[in-house]
Amino acid sequence: MKIIVIGSGIVGASAAYHLVKNNTEVIMIDKDHHGAATSAGAGIVCPWISSVDDDDWYRIAKGGAQYYPELISQLKNDNEENVGYKKVGAICLGANSEELERIEKEVGTKQIDAPELGDIERLSTEKARQLFPPLKEGREAVFVSGAARVDGRLLRDAMKRAAQKHGAKLLNGEVALIHEGDKITGVKINDEKIYADTVLITAGAWSPELLAPIGIELKVEPQRGQIAHINLPNTDTSNWPVVLPGSSHYMLAFDDSRVVAGATRETGTGFNYRTTVGGVNEVITEALNVAPGLAEGTIQEVRIGFRPMGPDILPILGRLDCLKGIVLATGLGASGLTMGPYVGKLAASILKDEEVGLDLVAYNPNRAIK
Ligand code: FAD
């Protein structure tokens with residue numbers, strides 16, 4: 001079986017990796033667009049604390065978090081250990097003690113089916129500041145030890161390299177689909193035609209552009225996110241937890257004295273790849289409100305990414321009724337680093353007509369086309 005994977009962000013890289021390890025000929029193609037979401041994503045993996053209240057979302061996001069340790073160990077067997085994944089825990093700040101009690105209770109209920117979320121602990125303001133020193137004084141928190149952070153760029157590149165080690169081919173360039181009758185038979189890239197049994201579309205926010213020439217409107221839109229990377233010289237941030245202040249903003253840290261403060265959620269920007277004054281102001285103001293100790297840090301970089309937002313909160317995953325030879329895996333929105341590796345694995349199973357072990361009805365891609 002020969003599969004072409006269009007787009008090697010977190011979803012495409014994972015699908016390619018799982019396919020090639022399952023005796024499949026794989027060609028990955030990527031254009032390296034500015035604003036690929038995986039290159040900008042913060043990297044929080046903590047589906048148990050979320051403002052999203054949807055069982056189908058939770059099921060696949062929970063599966064995503066649960067799958068990480070297994071994936072990391074598979075990659076280790078392929079000598080790919082530099083992926084920036086670590087279970088550092090998450091500090092969840094509440095407005096008052098009633099809210100913290102509610103969070104504790106909600107996460108406690110989820111713990112029964114998701115023991116991987118680890119321990120739940122109420123933290124005094126002093127303890128919270130020991131774990132994340134820039135935090136403002138006076139806020140108690142709930143700590144969830146199983147939350148993790150991942151460097152999307154490192155993980156994606158590790159999966160791409162591992163896929164190549166197993167025999168996948170990687171091509172650079174922009175592709176268009178070859179459409180014959182009611183079937184996609186391959187792709188055109190740089191004036192060359194490549195045929196395959198099935199084409200997997202994991203092109204993130206750009207996925208609609210591939211289907212539009214065939215007259216299919218895919219309801220996926222880019223949502224711009226601006227996110228600041230702050231350097232704290234001579235500070236060991238490697239074990240700092242994720243901070244969830246209860247809004248759409250958050251902070252997390254990586255090994256290289258770096259705190260990431262995110263992010264804007266800008267709908268209607270199209271692919272306008274720009275750092276805006278308002279965007280930077282928003283993320284920095286929100287971060288300093290919660291963690292004034294970051295004020296002396298250096299703004300190292302502001303990353304911009306386009307989240308692939310589908311018609312609802314759920315991923316778009318599976319085959320289309322109106323077109324053969326194609327599988328879609330996109331629309332992961334704001335949770336793609338959490339569920340992306342798992343969704344890639346599921347897409348690989350769909351392509352191989354294997355049992356996936358999860359009810360996929362809610363993610364049916366036919367709901368997202370016109
Ligand atoms: P992408 O990473 O965008 O990859 C698509 C790829 O397809 C690109 O490389 C592009 O160049 C390529 N492509 C497109 N069209 C073509 C074509 N015609 N030919 C060839 N190649 C093509 N998720 C979390 O779980 N936790 C977080 O903390 C988190 N934080 C985020 C913060 C920000 C600021 C942003 C922007 C996103 C965040 N996300 C987070 C969401 C997550 O990053 C995305 O959902 C995920 O990365 C989407 O991955 P993808 O593979 O679908 O798309």
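Nothing here was measured: the structure is a model prediction, and the numbers come from that model. Remember, it's 1-based here, ligands and their atoms both numbered in the order they're listed.
Sorted by first then second residue, the ring pair (Phe, Tyr, Trp, His ring centres under 6.0 Å) pairs that include residues 303-336, not counting sequence neighbours, are Phe271-Phe306.
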For residues 38-46, please give each side-chain donor-acceptor pair under 3.5 Å, one per line with the distance, not counting sequence neighbours.
unit_1: Thr38; atom_1: OG1; unit_2: Ile10; atom_2: N; d: 3.0
unit_1: Ser39; atom_1: OG; unit_2: Arg156; atom_2: NH1; d: 2.8

Show every donor-acceptor pair shorter than 3.5 Å between a side-chain atom in residues 128-141 and any protein atom, with sequence neighbours excluded, or say none if there are none.
unit_1: Arg129; atom_1: NE; unit_2: Leu135; atom_2: O; d: 2.7
unit_1: Lys136; atom_1: NZ; unit_2: Asn289; atom_2: O; d: 3.4
unit_1: Arg139; atom_1: NH2; unit_2: Gly94; atom_2: O; d: 3.4

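With hydrogens and angles left out, the side-chain atoms of Asp236 and Ser238 include a donor and acceptor closer than 3.5 Å. Donor-acceptor pairing under 3.5 Å is lacking for the side chains of Asn272 and Glu266.
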Pick out the protein N or O atoms lying less than 3.5 Å from any N or O of ligand 1, and list each pair with its distance.
unit_1: ligand 1; atom_1: 2 (O); unit_2: Ala37; atom_2: N; d: 3.4
unit_1: ligand 1; atom_1: 2 (O); unit_2: Thr38; atom_2: N; d: 2.8
unit_1: ligand 1; atom_1: 2 (O); unit_2: Thr38; atom_2: OG1; d: 2.5
unit_1: ligand 1; atom_1: 3 (O); unit_2: Ala37; atom_2: N; d: 2.9
unit_1: ligand 1; atom_1: 9 (O); unit_2: Asp30; atom_2: OD1; d: 3.0
unit_1: ligand 1; atom_1: 9 (O); unit_2: Asp30; atom_2: OD2; d: 2.8
unit_1: ligand 1; atom_1: 11 (O); unit_2: Asp30; atom_2: OD1; d: 3.3
unit_1: ligand 1; atom_1: 11 (O); unit_2: Asp32; atom_2: N; d: 3.2
unit_1: ligand 1; atom_1: 11 (O); unit_2: His33; atom_2: N; d: 2.9
unit_1: ligand 1; atom_1: 11 (O); unit_2: His33; atom_2: ND1; d: 2.8
unit_1: ligand 1; atom_1: 18 (N); unit_2: Val175; atom_2: O; d: 3.4
unit_1: ligand 1; atom_1: 19 (N); unit_2: Val175; atom_2: N; d: 3.2
unit_1: ligand 1; atom_1: 21 (N); unit_2: Lys31; atom_2: N; d: 3.0
unit_1: ligand 1; atom_1: 23 (N); unit_2: Ala334; atom_2: O; d: 3.0
unit_1: ligand 1; atom_1: 23 (N); unit_2: Gly336; atom_2: N; d: 3.3
unit_1: ligand 1; atom_1: 23 (N); unit_2: Leu337; atom_2: N; d: 3.1
unit_1: ligand 1; atom_1: 25 (O); unit_2: Ser335; atom_2: O; d: 3.2
unit_1: ligand 1; atom_1: 25 (O); unit_2: Leu337; atom_2: N; d: 3.0
unit_1: ligand 1; atom_1: 25 (O); unit_2: Thr338; atom_2: N; d: 2.7
unit_1: ligand 1; atom_1: 25 (O); unit_2: Thr338; atom_2: OG1; d: 2.7
unit_1: ligand 1; atom_1: 26 (N); unit_2: Ile44; atom_2: O; d: 3.0
unit_1: ligand 1; atom_1: 28 (O); unit_2: Gly43; atom_2: N; d: 3.1
unit_1: ligand 1; atom_1: 28 (O); unit_2: Ile44; atom_2: N; d: 2.8
unit_1: ligand 1; atom_1: 30 (N); unit_2: Ala42; atom_2: N; d: 3.0
unit_1: ligand 1; atom_1: 43 (O); unit_2: Ala37; atom_2: O; d: 3.4
unit_1: ligand 1; atom_1: 45 (O); unit_2: Gly333; atom_2: O; d: 2.7
unit_1: ligand 1; atom_1: 45 (O); unit_2: Gly336; atom_2: N; d: 3.1
unit_1: ligand 1; atom_1: 47 (O); unit_2: Thr38; atom_2: N; d: 3.2
unit_1: ligand 1; atom_1: 47 (O); unit_2: Thr38; atom_2: OG1; d: 2.9
unit_1: ligand 1; atom_1: 49 (O); unit_2: Thr38; atom_2: OG1; d: 3.3
unit_1: ligand 1; atom_1: 51 (O); unit_2: Ile10; atom_2: N; d: 3.2
unit_1: ligand 1; atom_1: 51 (O); unit_2: Val11; atom_2: N; d: 3.3

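In this structure, His249 and Val290 have side chains that are not in contact, with every pair of non-hydrogen atoms separated by 4.5 Å or more.
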